[in-house]
Amino acid sequence: MEDCIFCKIIKGEVPSDKVYEDDICFAFLSINPNNYGHTLLIPKKHYANYFETPDDVIEYLAIQSKRLGQSIKKAVEAGGMNIITNIERPAGQVVFHTHIHLIPRYDMDGHGHWTPKEYKTDMAKQIVEKIKKEIKN
């Protein structure tokens, strides 16, 4: 994509603080980190989001997320790590190029967790049935 900021980073047209690169993926520090060491892992080939990314690329990114996440956690002496991806705007996706956030976490770092909700009577069963109908083998 010509106007994709992540594609420009991969091409070297936009500077980044590169953490890792190989033939398939590229990792760099987020310019707006939640915590120091917050890294973005992206495939070099452009895909709009996680759901549009081929399975073999997702598998590779999962392996690299684990490897890089462990290295980042150790390097910045974090107590934990969030490994997440946002899919589409309502979920917080801002750049529409598949990317995985590797976010070091600390006790009392000021970043909360999701607010839980409760299911109303029989709502969980109804949702399970709807999901099962959508699952493609």
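Side-chain atoms are counted along with the backbone in the values below, which use heavy atoms only and exclude waters and symmetry mates.
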Nearest 0.5 angstrom please: L61 CG to I83 CD1, how far? 11.5 Å
SG (C4) and NE2 (H97) are apart, to the nearest 0.5 Å, by 5.5 Å
Besides I58, the hydrophobic cluster formed by Ile, Leu, Val, Met, Phe, Trp and Tyr side chains linked at under 4.5 Å, directly or via other members, contains Y50, F51, I87
Greater than 12 external heavy atoms within 6.0 Å of E13's CD: yes
Are the side chains of C25 and L41 in touch, meaning some heavy atoms are under 4.5 Å apart? yes
Residue pair G37 / I72: nearest heavy atoms and the distance that separates them: O-CG2, 3.5 Å
Spacing of OG1 belonging to T53 relative to NE2 belonging to H46, to within rounding of 0.5 Å: 9.0 Å
What distance do H99 atom NE2 and S30 atom OG have between them, rounded to the nearest 0.5 Å? 8.5 Å
Once salt bridge (Lys or Arg N to Asp or Glu O under 4.0 Å) is applied, do any residues pair with R105, and if so which ones, sequence neighbours excluded? D109
Shortest non-hydrogen pair, N49 vs Q93, comes out as CB-OE1, 3.6 Å
Between Y106 and A78, the two heavy atoms sitting closest are CE2-CA, 3.3 Å
Would a 4.5 Å heavy-atom cut-off, applied to side chains only, mark H111 and I103 as touching? no
How long is the straight-line distance from CD1 of I9 back to OG of S16, given to the nearest 0.5 Å? 5.5 Å
Less than 6.0 angstrom from the centroid, inside 45 degrees of the normal: does R89 satisfy that with respect to the ring of F96? no
Would you say that H101 contacts N82 through its side chain, given a criterion of any heavy-atom pair below 4.5 Å between the two side chains? no
Is the shortest heavy-atom distance from the side chain of L68 to the side chain of T39 under 4.5 Å? no
So for atom CD1, which belongs to I84, do other residues, nucleotides or ligands contribute more than 12 heavy atoms lying within a distance under 6.0 Å? yes
Is there a side-chain contact between K125 and E129 in this structure, where contact means two heavy atoms from C-beta onward sitting under 4.5 Å apart? no
Decide yes or no for F6 and L40: does some side-chain heavy atom of the first lie under 4.5 Å from some side-chain heavy atom of the second? yes
May I ask you to test the D17-F28 pair for a side-chain heavy-atom distance under 4.5 Å? no
Any side-chain heavy atom of L102 sitting closer than 4.5 Å to one from M81? yes
Here the salt bridge (Lys or Arg N to Asp or Glu O under 4.0 Å) pairs for residues 46-57, sequence neighbours left out, are none
Taken to the nearest 0.5 Å, the spacing of I100 CD1 from T85 OG1 works out to 6.0 Å
Take V14 and I5 through the side chain to side chain contact (heavy atoms under 4.5 Å, CB included) test and state the conclusion after the steps. CA-CA 8 Å; V14 172; I5 188 72; 3.8 Å; yes
Minimum heavy-atom separation for I10 to P43, with atom names? CD1-O, 3.6 Å
Indicate whether the side chain of Y60 and that of D22 have a donor and an acceptor atom separated by less than 3.5 Å. yes
